[in-house]
Number of protein chains: 2
Amino acid sequence: MNRPAGNGDEPRKVIGNQPKTARGEATRKAIIDAAERVIGSKGYYDASIGHITSEAGVAQGTFYIYFKTKEEVFSELVLEMGRMLRFTLSEATQGIEDRLEAEKAGLRAFLKFVKDHPDLYRIVQEALFVDPEAYRAYYRSFVDGYRVGLVAAQEAGQVVEEDAEILAWALMGISRSLGERLVIFGTETPIEELVTTAYNLIANGIKP
Amino acid sequence: MNRPAGNGDEPRKVIGNQPKTARGEATRKAIIDAAERVIGSKGYYDASIGHITSEAGVAQGTFYIYFKTKEEVFSELVLEMGRMLRFTLSEATQGIEDRLEAEKAGLRAFLKFVKDHPDLYRIVQEALFVDPEAYRAYYRSFVDGYRVGLVAAQEAGQVVEEDAEILAWALMGISRSLGERLVIFGTETPIEELVTTAYNLIANGIKP
DNA sequence: GACAAGCATGAATACTGGTTCATGTTCGCG
DNA sequence: CGCGAACATGAACCAGTATTCATGCTTGTC
């Protein structure tokens with residue numbers, strides 16, 4: 001029961017075991033990618049570790065070298081997804097001066113992203129049940145971005161003086177709903193049409 | 001392999017076994033109610049038949065007198081939920097002449113319903129994975145109601161001439177998002193405040 | 001008051017699937 | 001080389017749980 005002094009009880013709360021070589025890095029990535037495909041298509045509960053590892057081309061035990069539990073890959077997936085989406089959006093609105101135009105570009109980029117990654121969409125939804133904390137963090141960060149933009153626009157007198165937090169949730173709801181229609185309900189409406197209609201609604205709805 | 005002629009292959013697609021006496025009726029209802037509570041709080045996959053039946057105060061085997069599978073109670077729950085919500089909304093907007101006022105009343109009723117039934121909200125969300133067909137039907141019927149109202153208002157010249165289907169999805173998204181904020185994110189904003197802000201957004205957004 | 005259909009029981013079944021482990025294999029470095 | 005740390009294997013373990021089943025109870029009816 002002896003051990004070096006100056007050590008806490010927990011081994012520094014590392015997420016899974018970080019690989020130390022390029023080889024391990026590659027394997028870990030292969031597993032995450034496989035998990036994305038398998039969980040995305042079958043859902044979390046129907047996706048077994050066996051499915052994931054065989055899709056990744058490794059043995060079942062290998063999974064546990066990199067992840068402590070099944071839940072852990074999932075959480076990481078959700079995090080990754082949030083990062084990707086935020087990156088895509090900031091990329092798409094980079095350098096656009098007019099705030100309303102930026103809004104439009106963001107909406108368009110969001111719908112495109114969702115359409116290109118239908119699996120990712122479902123994964124985030126399922127996080128509400130598998131990892132509620134990750135789910136909340138995902139939407140919180142999304143809505144925060146929205147809110148900051150709105151507040152700035154309000155200060156510039158371009159947006160009506162309503163509670164920016166509530167407004168942000170409402171606007172996010174529009175994007176999300178149209179995205180869901182695309183992915184879950186498989187409608188064929190061109191994205192540009194959705195963007196135009198939603199943009200008019202939003203622009204008229206929030207102008208001062 | 002002989003059987004009476006004039007019979008299809010399927011035994012009339014009865015959902016579960018309908019009880020024939022008041023006693024059975026009561027037991028069946030007790031199980032559904034228990035399922036609502038247990039699945040609502042633990043989620044579908046963590047809610048075992050054992051949990052549900054013990055919550056209902058019956059033996060495990062009793063469950064299978066009334067439902068063929070675990071999925072079946074769940075589907076019935078989702079259906080029931082859709083019915084309840086639609087009833088509540090039509091109740092709340094009954095007899096309101098002005099369409100915009102009706103919209104406001106509907107929004108208020110929706111948020112109140114969601115707040116009073118947080119479990120039900122999560123159950124519908126989970127249906128996307130457990131019974132996608134039920135999930136789609138739920139939202140389809142919701143959005144259809146919305147669309148019909150919008151089209152009527154457009155014909156009366158009260159609403160802008162945008163695609164009513166898209167508009168309906170967007171507006172539904174606003175309600176849903178604010179409802180989710182209430183239930184999943186546990187914010188304490190008074191419903192009336194949400195209604196006012198959202199109403200202004202919607203009213204300005206869709207006026208011709 | 002006995003018969004049968006409906007209802008109820010809960011132990012046994014059957015199987016899935018997450019996790020562990022004892023045993024290799026790879027590979028960079030001295 | 002050859003040593004050790006990192007990585008990989010896949011068979012076995014085991015806990016949980018949906019579903020079945022043989023048996024027993026209730027209740028209304030003739």
Side-chain angles (χ1 to χ4, degrees), chain A residues 11-12 14-77 126-127 129-131, chain B residues 11 14-39 41-77 126-127 129-131:
Chain A
R12 223 32 73 217
V14 171
I15 297 184
N17 284 348
Q18 237 54 31
K20 320 241 183 223
T21 73
R23 186 184 167 210
E25 195 82 53
T27 305
R28 189 186 149 93
K29 179 149 178 25
I31 294 174
I32 287 210
D33 288 353
E36 179 184 318
R37 287 193 295 278
V38 176
I39 296 182
S41 77
K42 305 174 104 77
Y44 179 79
Y45 292 98
D46 287 343
S48 70
I49 304 291
H51 285 138
I52 294 173
T53 50
S54 96
E55 171 83 16
V58 299
Q60 222 164 295
T62 306
F63 180 93
Y64 290 90
I65 295 175
Y66 300 103
F67 303 96
K68 265 203 277 300
T69 64
K70 185 183 174 189
E71 257 190 71
E72 205 180 75
V73 229
F74 184 82
S75 301
E76 197 141 323
L77 228 48
E126 198 158 21
F129 304 96
V130 178
D131 185 350
Chain B
V14 171
I15 297 184
N17 283 346
Q18 237 55 30
K20 321 242 183 223
T21 72
R23 187 188 169 206
E25 195 82 52
T27 304
R28 187 186 148 94
K29 180 151 178 20
I31 293 174
I32 287 210
D33 288 353
E36 180 184 318
R37 286 192 297 277
V38 176
I39 295 181
S41 77
K42 302 175 106 77
Y44 178 79
Y45 291 98
D46 287 344
S48 70
I49 304 292
H51 287 138
I52 294 173
T53 50
S54 96
E55 171 82 17
V58 300
Q60 222 163 293
T62 306
F63 180 93
Y64 291 90
I65 295 174
Y66 300 102
F67 304 96
K68 265 201 277 298
T69 65
K70 187 183 171 187
E71 258 191 69
E72 206 180 76
V73 229
F74 184 82
S75 300
E76 196 141 324
L77 228 47
E126 199 158 20
F129 305 96
V130 179
D131 185 351

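Given the structure is predicted, the values throughout are model-derived calculations rather than measurements. Only heavy atoms go into these numbers, but all of them, side chains included; no hydrogens, no water, no symmetry mates.
- Nearest approach of E55(A) to A34(A), heavy atoms of both residues: CG-CB, 3.6 Å.
- Side-chain contact between V130(B) and Y45(A) is absent, with no heavy-atom pair separated by less than 4.5 Å.
- Atom pair E25(A):CD and dA6(D):P shows a separation of 14 Å (rounding to whole Å applied).
- Two rings, from F74(B) and Y44(B), have their centers less than 6.0 Å apart.
- Atoms NZ (K29(B)) and P (dC7(C)) sit 17 Å apart, rounded to a whole Å.
- Separation of atoms CD (E76(B)) and CG (D131(B)) is listed at 11.5 Å; rounding is to 0.5 Å.
- You'll find the side chain of Y66(A) stays beyond 4.5 Å of the side chain of I32(A), heavy atoms only.
- Atom CD of E72(A) is separated from atom OH of Y64(A) by 10.5 Å, given to the nearest 0.5 angstrom.
- The interatomic distance linking F67(A) (CZ) with dT20(C) (P) rounds to 15 Å, in whole Å.
- Within the 4.0 angstrom heavy-atom criterion, base atoms lie near T62(B).
- Dashed line: the shortest gap from a side-chain N or O of T21(A) to OP1 or OP2 of dC7(D) is under 4.0 Å.
- Atom-to-atom distance recorded for S41(B):OG and E36(B):CD is 11.0 Å, nearest 0.5 angstrom.
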Check: Tell me, for nucleotides 12-20 of chain D in 5' to 3' order, what letter each nucleotide earns: B for a base near a protein heavy atom under 4.0 Å, S for only sugar-phosphate near one, - for neither?
Finding: ------SBB
Between N or O atoms, less than 3.5 Å apart, protein on one side and nucleotides 24-30 of chain D on the other: list the pairs.
none

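- Side-chain contact check for T62(B) versus T53(B): every heavy-atom pair is 4.5 Å or farther apart.
- Residue I65(A) contributes atom CD1, which lies 16 Å from atom P of dG24(C) at whole-angstrom precision.
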